[in-house]
Novice: 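Take this structure, written in structure tokens, and hold onto it; I'll ask about it next.
Convention: sequence-line order gives letters A, B, ...; per-chain numbering from 1.
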Amino acid sequence: MKQSQLFTKIKKEIPSGEVAKNAQLLLQAGFIHKEMAGVYSFLPLGLRVIEKIKHVIRKELNNAGCQEMSMTSLQSKDIWKKTGRWSDDVVDNCFKTSLKNGTELGLAFSHEEPVAQIMANYVHSYKDLPFSAYQFQTKFRNELRAKSGIMRGREFLMKDLYSFHVDKKAHDEFYEKMKGVYMEIFRKLGLGGNTYLTMSSGVPFSKYSFEFQTISEAGEDVILFDKEKKVAINKDDFSDEIFVDFGLNKDDYVFEEAKSIEIGDIYSLGTKYSEAIDLTYADAEGKSHPVFMGSYGIGVPRVMGTVVEVYNDEDGIIWPEEVAPFAVHLISLCKGDAEKGVVEKVYKQLISHNIDVLYDDRSNVSAGQKFAESDKIGIPHRVIMSPKTIANNTFEYKKRSEKDAKYMSFDALLRIISKTY
RNA sequence: CGGGCUGUAGCUCAGUUGGCUAGAGCGCCUGGUUUGGGACCAUGAGGCCGUGGGUUCAAGUCCCACCAGCCCGACCA
């Protein structure tokens with residue numbers, strides 16, 4: 001894409017009214033627009049990042065045999081009444097509205113009930129199990145207080161996966177597998193190094209669950225973790241009891257304490273929802289049993305915000321390659337028509353190699369401004385073309401994460417850039 | 001939902017004990033000089049001073065209410 005066509009602009013000042021670093025950097029560089037507290041629109045650059053994150057998640061889940069679907073945000077209160085979650089005393093962050101005729105509706109904050117309701121139409125026999133289905137879908141949560149930029153929104157895109165098994169044993173096997181799948185997702189998203197599978201207290205219907213916590217000062221949680229052994233426990237749940245329950249010896253570990261961001265969670269739901277919704281199957285003897293369920297969430301904007309919190313410097317964002325809005329920022333410092341033509345050709349050549357490239361073709365902007373803005377956007381690879389480099393028949397390449405540039409041939413450049421694509 | 005802070009130009013902000021026609025920087029328009037780390041000169045446009053009420057000869061400034069934003073706390077399936 002040509003930068004002259006991009007309607008967003010990079011702002012010089014940090015927007016006021018945001019303390020969260022992720023929101024500051026993303027607003028400043030034109031990735032997002034704030035509609036109201038906790039509600040953000042995604043502009044072209046921001047949407048590209050969202051799509052990249054979705055792509056990584058989708059690929060891993062599909063590989064794991066999960067099926068993608070899409071459920072609705074509008075839900076009738078009846079199914080939530082079945083599980084008691086319509087009551088404000090049970091779930092206090094549900095947005096509620098109504099039809100013209102007065103029928104009450106809720107905006108889905110999660111989809112355990114709807115998905116169980118749907119599956120009740122298709123699951124009748126043990127032969128229909130197991131399976132798992134997920135979606136990327138907007139969730140609405142009436143948080144008492146929005147904070148942390150895009151990391152705790154009132155409206156946000158969530159990947160929610162639900163699993164369906166005949167019994168706990170079959171479920172547990174899948175649950176264990178998902179731990180690995182999730183870690184692989186976060187590794188691919190660039191968060192592997194400082195993300196910990198963390199033991200935590202569960203939802204009311206299972207004593208414990210696991211969270212994926214990324215170490216960051218911007219976090220709202222605190223975990224105790226053993227760096228070497230990769231064991232972590234949410235500070236809220238750190239007790240002798242948890243060690244006993246997991247069969248671990250507390251003395252085997254050296255725990256550090258750090259603030260962290262919960263970027264994912266996986267829950268064993270048991271039969272709570274299937275019993276309430278009447279999602280049952282017949283076993284080989286014809287006896288009826290409730291389906292054993294699990295749910296597995298990743299907040300997509302929260303992952304995006306976390307990446308920004310983890311990867312930035314005083315000049316702006318530094319996107320990991322897997323989630324960067326573009327792979328290459330091609331910056332032209334040329335003014336003459338002939339030289340501009342050369343850059344244009346390189347731009348097209350990169351595209352023909354299937355490389356996402358943002359081409360700063362603006363001719364009325366100073367070099368310094370282009371560099372400063374490029375740093376803010378944070379595209380991992382930068383290629384600079386100037387009359388000098390063209391005359392020398394060389395390409396100037398600089399990584400966003402490094403200070404110094406290198407000069408190389410087009411082929412060498414291509415090798416570096418296309419390594420991850 | 002409790003406590004605190006803040007709403008003035010597109011953005012970041014200044015605006016004195018209430019006092020004339022509302023200020024700066026950035027951004028934007030126009031013209032010119034520039035071009036390797038947010039260049040410079042000149043010119044111009046741009047305001048319901050969050051909303052409503054009140055006090056006053058006079059309100060951006062004081063008072064009340066409401067709305068919105070931020071922070072701390074509580075909350076976070």
Novice: Without decimals, in angstroms, what is the distance between A:L27 CG and B:rU12 P?
Specialist: 10 Å
Novice: Select one nucleotide: of B:rG38, B:rG36, B:rC11, the one nearest the side-chain heavy atoms of A:S366.
Specialist: B:rG38
Novice: Select one nucleotide: of B:rA77, B:rU12, B:rC11, the one nearest the side-chain heavy atoms of A:K11.
Specialist: B:rC11
Novice: State which of B:rG37, B:rC71, B:rG69 makes the closest approach to the side chain of A:F371.
Specialist: B:rG37
Novice: Minimum heavy-atom separation for A:P320 to A:V307, with atom names?
Specialist: CD-CG1, 3.4 Å
Novice: At what distance, to the nearest 0.5 angstrom, does CE of A:M158 lie from CZ of A:R302?
Specialist: 9.5 Å
Novice: Send over the distance from A:D360 CG to B:rU35 P, rounded to a whole Å.
Specialist: 18 Å
Novice: Return no unless some side-chain N or O of A:S386 is found under 4.0 Å from OP1 or OP2 of B:rG36.
Specialist: no
Novice: I need the CD-C1' distance between A:Q75 and B:rA77, as an integer number of Å.
Specialist: 15 Å
Novice: Among the nucleotides B:rC26, B:rC71, B:rG36, which one has an atom lying closest to any side-chain atom of A:K147?
Specialist: B:rC71
Novice: Of the nucleotides B:rC71, B:rA77, B:rG25, which one has an atom closest to the side chain of A:R145?
Specialist: B:rC71
Novice: Heavy atoms from C-beta onward define the side chain here; which of B:rG37, B:rG36, B:rG69 lies closest to that of A:A37?
Specialist: B:rG69
Novice: Side chain of A:R85 only, please: which of B:rA77, B:rC76, B:rC70 is the nearest?
Specialist: B:rA77
Novice: Between B:rC26, B:rC13, B:rG69, which one does the side chain of A:S16 approach most closely?
Specialist: B:rC13
Novice: For A:R382, which contact category applies under a 4.0 Å heavy-atom criterion: base, sugar-phosphate, or nothing?
Specialist: base
Novice: Could you tell me whether A:E113 contacts a base, only the sugar-phosphate backbone, or nothing, with contacts defined as non-hydrogen atoms closer than 4.0 Å?
Specialist: nothing
Novice: Establish, with yes or no, whether the OP1 or OP2 oxygen of B:rA39 is under 4.0 angstrom from a side-chain nitrogen or oxygen of A:K370.
Specialist: no
Novice: Starting at NZ of A:K34 and ending at P of B:rC11, how long is that distance when rounded to a whole Å?
Specialist: 13 Å
Novice: Choosing from B:rC1, B:rA77, B:rC76, which nucleotide comes nearest the side chain of A:E143?
Specialist: B:rC76
Novice: Among B:rG37, B:rG69, B:rC76, which nucleotide sits nearest the side chain of A:R152?
Specialist: B:rC76
Novice: Taking atom P of B:rG37 as reference, at what distance in whole Å does atom NZ of A:K388 sit?
Specialist: 10 Å
